[in-house]
Amino acid sequence: MENILVCLAWPYANGDAHVGHIAGAYLPADIFARYQRLTGNRVVVVSGSDSHGTPIVVSAEKQGKTPRALFEHFHARFLQTWIKLGISYDLYTHTDTENHHAIAQQMFTRLNDNGQLFLAKQKQVYSEKQQKFLPDRFVEGTCPICAYDKARGDQCDNCGNLLEAVQLINPRNRNLADDVLSIRESEHYMWDLPQVGPAIGEYLADKDSYWRPQVLNFARNFAKDLNPRAFTRDLTWGIPIPVPNSEGKCIYVWWEAVLGYLTATIEWAKLNGTPEAWKDFWYAPDNVKIYNFIGKDNILFHTVLWQGILLGMKHLGDEAAPRPGDNPTFNLPYDVPANQYVNLNGQKFSKSLGVSVEALELAEKYGADPVRFYLTQIMPEQRDADWSFEGFTQANNSELLAKWGNLAQRTLSQIFKNFDGAIPIPGALTEADQALLTASRAAFAAVGESLNAVRLREALTLAMELAGKANYYIDQQAPWKIIKVDKARAGTQLYVAAQVIDHLSVLLSPFVPDLCEAVRRQLGYAKPLFGRLFTETVHERTRDHEVLRYDAREADGHWVASQLAAGQKLGGEPRGLVTKIEVAKELPKT
RNA sequence: UGCGGGAUAGAGCAGUGGUAGCUCGUCAGGCUCAUAACCUGAAGGUCGUUGGUUCGAAUCCAACUCCCGCGACCA
């Protein structure tokens with residue numbers, strides 16, 4: 001048994017999740033996690049909402065809300081989305097918990113104590129009207145290189161040169177026309193990233209055999225030339241640094257957001273009543289694999305910088321330190337299977353341009369499985385993919401329904417009508433029977449291998465191939481004909497088909513869990529393959545927060561070719577499980 | 001401009017030296033248990049362009065074209 005920690009990107013609680021997010025990170029992680037659970041590994045899936053940072057403050061101001069009210073709104077929407085789509089988190093929390101704040105402050109202290117941080121004065125553009133330092137992006141002015149008058153504080157779109165906001169001539173506030181800007185000095189903690197550079201290089205050195213090349217190349221390239229990076233920010237909405245007389249200085253949002261993987265595992269352990277259990281993932285020397293599922297925009301942070309933080313901290317102190325026998329330092333991610341993007345009509349998803357397909361809305365309208373199925377088919381594992389409602393309809397009607405749904409329906413309804421609603425008792429098996437059963441058993445190894453290597457599209461294709469073989473078998477055997485002359489033989493044929501359906505209900509379950517659970521109920525199974533998601537309010541000293549958790553007590557799924565019991569009663573009259581989509585058209589814009 | 005990824009039948013993809021494959025769609029046929037679902041067959045590609053290496057290249061090398069992303073305080 002292995003301990004598998006599945007870490008998902010922390011969505012920024014500033015808007016709803018769209019299908020690009022789902023296909024990019026959440027769905028692949030869930031498919032992978034469900035598979036690992038079925039194999040009997042101990043799996044923990046953690047993530048949460050990223051709740052700090054300037055964009056949330058700006059949005060909140062616009063809507064006349066507090067930042068907390070704003071992110072809590074989107075956090076609640078995320079929880080609904082995950083439940084609706086069946087993204088099975090063991091813990092989905094957020095970054096504004098006391099637990100996260102305390103550990104983030106520990107991170108600061110650890111890095112500082114380990115000599116990773118140093119103080120430096122930085123010149124920054126200050127807004128006199130808003131009484132705060134402006135993010136570089138919010139500053140606009142004349143480019144000192146090409147004289148373009150709408151250069152941004154980080155880059156000039158005209159000449160492409162990278163800039164610093166303080167270099168701009170006649171700087172102005174993009175969001176406040178009559179603002180008065182000045183240049184002020186601010187003292188910040190810098191992270192001396194080059195210190196951990198060699199260790200990061202070593203970490204990346206042995207990943208060739210299983211990391212995706214685009215991820216590895218990108219990371220190595222970046223790791224070659226590391227510079228110190230600011231560790232603190234002047235923020236009003238963030239985690240204050242634990243240093244006296246440093247009001248307004250917060251930990252730069254990115255650093256504490258990635259730390260969420262660790263803090264959420266710790267919170268998970270606490271909620272489970274096993275407060276040390278997180279160390280089995282982060283410190284244990286053997287049988288551990290940490291996976292980070294992200295989109296390609298996050299590669300840098302999850303392949304280089306997050307590792308740098310873990311290396312720089314070494315471990316947490318006091319009761320959070322490694323146990324005897326543990327590694328003296330944090331375990332680093334085993335794999336970072338980053339996906340490319342899903343686009344819509346070739347365009348990047350963009351809320352402001354109205355280019356978006358909201359995941360929650362879609363799942364509410366069509367159910368989770370059609371969405372999961374199609375998104376797996378187009379999953380951008382190698383390159384950008386394109387979402388289309390036409391493709392979605394086709395995938396649902398021509399493959400999910402026609403191949404898998406119909407296979408179960410045609411087989412089980414024949415059994416129900418002609419064999420008293422119970423799995424027939426098979427007679428001697430023919431060569432054709434054996435051949436199909438052999439292929440069916442072999443699929444567990446083949447599909448499992450692809451899933452284990454996070455080649456999910458390939459895994460789905462392999463599983464669906466078996467459904468095709470089963471349909472072919474039924475066509476060739478024609479039990480509806482045979483039954484008129486030899487009922488026992490027809491019973492054997494239907495038994496073989498039902499046996500393959502039983503196998504498929506496991507093979508396909510990581511991808512389309514609801515449908516597979518329903519097929520298994522029709523086959524007469526009482527226990528579900530997977531556990532159940534539920535929300536819970538966690539009480540801390542000063543504030544509560546809503547989390548999503550996973551209850552695995554009822555789960556009885558196993559990644560093995562089980563033997564279907566002859567005589568097992570079906571769960572009632574079979575009825576179609578996949579709904580045909582007549583007209584899938586664009587959802588109304590919200 | 002720099003770095004990374006990509007360009008293979010109408011669509012989506014697989015294929016890292018040896019006669020171009022898969023799924024969907026299209027067309028034709030078969031079957032009728034099944035949600036007009038299932039099965040079979042066919043049509044459809046000079047593998048982005050140009051040049052090179054090789055007996056032989058989608059596959060290796062070079063140059064070029066186009067698309068996507070990243071380029072640090074933006075999460």
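If you're wondering where the values come from, they're calculated on a predicted model, not measured in any experiment. Each chain gets a letter, A, B and so on, in the order its sequence line appears, and its residues count up from 1. What you see below is based on every heavy atom in this structure, not just the backbone, and it leaves out hydrogens, waters and symmetry mates.
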_Partner residues of W237(A) under the ring pair (Phe, Tyr, Trp, His ring centres under 6.0 Å) criterion, sequence neighbours left out_ = H52(A)
Kindly give the atom pairs (protein nitrogen or oxygen, nucleotide nitrogen or oxygen) under 3.5 Å for nucleotides 31-34 of chain B.
unit_1: rC33(B); atom_1: O2; unit_2: R410(A); atom_2: NE; d: 3.3
unit_1: rC33(B); atom_1: O2; unit_2: Q414(A); atom_2: NE2; d: 2.8
unit_1: rC33(B); atom_1: N3; unit_2: R410(A); atom_2: NE; d: 3.3
unit_1: rC33(B); atom_1: N3; unit_2: R410(A); atom_2: NH2; d: 2.6
unit_1: rC33(B); atom_1: N4; unit_2: R410(A); atom_2: NH2; d: 3.0
unit_1: rA34(B); atom_1: OP1; unit_2: K417(A); atom_2: NZ; d: 2.9
unit_1: rA34(B); atom_1: O2'; unit_2: N406(A); atom_2: OD1; d: 2.6
unit_1: rA34(B); atom_1: N3; unit_2: N406(A); atom_2: ND2; d: 3.3
unit_1: rA34(B); atom_1: N3; unit_2: R410(A); atom_2: NE; d: 3.3

*Starting at atom CG of L462(A), determine the distance to atom P of rC22(B), rounded to an integer number of angstrom.*
15 Å
*Could you tell me whether a side-chain N or O of E458(A) sits under 3.5 Å from a main-chain N or O of R455(A), the two making a donor and an acceptor?*
no
*Roughly how many Å is it from CG in L235(A) to P in rC73(B), rounded to a whole number?*
13 Å
*Output yes when R184(A) and D234(A) qualify as a salt bridge under the 4.0 Å nitrogen-oxygen rule, no when they do not.*
no
_Under 3.5 Å on both distances, the Watson-Crick or G-U partner of rU1(B)_ = none
*When we call it a touch if two heavy atoms are under 4.0 Å apart, what does A402(A) touch: a base, just sugar-phosphate, or nothing?*
sugar-phosphate
*Indicate yes or no: does R520(A) engage D502(A) in a salt bridge with an N to O separation below 4.0 Å.*
yes
*May I ask you to verify if any side-chain N or O of S398(A) is less than 4.0 angstrom from the OP1 or OP2 atom of rU23(B)?*
no
*Using both distances under 3.5 Å as the test, list the Watson-Crick or G-U wobble partner of rA34(B), or none.*
none
*Y203(A) backbone acceptor or donor facing K207(A) side chain under 3.5 Å*: yes
*Who does rU53(B) pair with, Watson-Crick or G-U, both distances under 3.5 Å?*
none
*May I ask you to say what V578(A) touches in the nucleic acid, namely base, sugar-phosphate or nothing, with a heavy-atom cut-off under 4.0 Å?*
base
*For E465(A), which contact category applies under a 4.0 Å heavy-atom criterion: base, sugar-phosphate, or nothing?*
nothing
*How would nucleotides 5-12 of chain B be written as a contact map, 5' to 3', with B for base contact, S for sugar-phosphate-only contact and - for no contact, using protein heavy atoms under 4.0 Å?*
SSSB----
_For Y26(A), give me all partners under ring pair (Phe, Tyr, Trp, His ring centres under 6.0 Å), at least two apart in sequence or on another chain._
W82(A)
*Sort out the partner of rC13(B) for me: Watson-Crick or G-U wobble, both distances under 3.5 Å, none otherwise.*
rG21(B)
*So which nucleotide does rG29(B) pair with, by the Watson-Crick or G-U wobble rule with both distances under 3.5 Å?*
rC39(B)
*ring pair (Phe, Tyr, Trp, His ring centres under 6.0 Å): which pairs involve residues 467-502 of chain A, sequence neighbours left out?*
none
*Under a 3.5 Å limit for both distances, which nucleotide forms a Watson-Crick or G-U wobble pair with rC73(B), could you say?*
none
*Within 45 degrees of the axis of the six-membered ring of F419(A) and under 6.0 Å from its centre: does K487(A) put its NZ or CZ there?*
yes
*Does rC66(B) pair with anything, Watson-Crick or G-U wobble, both distances under 3.5 Å, and if so, with which nucleotide?*
rG6(B)
_Tell me whether the side-chain N/O atoms of K403(A) come closer than 4.0 Å to OP1 or OP2 in rU23(B)._
no
*Using the P atom on both, measure rA37(B) against rU26(B) and round to a whole Å.*
10 Å
_Qualifying residues under ring pair (Phe, Tyr, Trp, His ring centres under 6.0 Å), relative to F511(A), sequence neighbours excluded_ = none
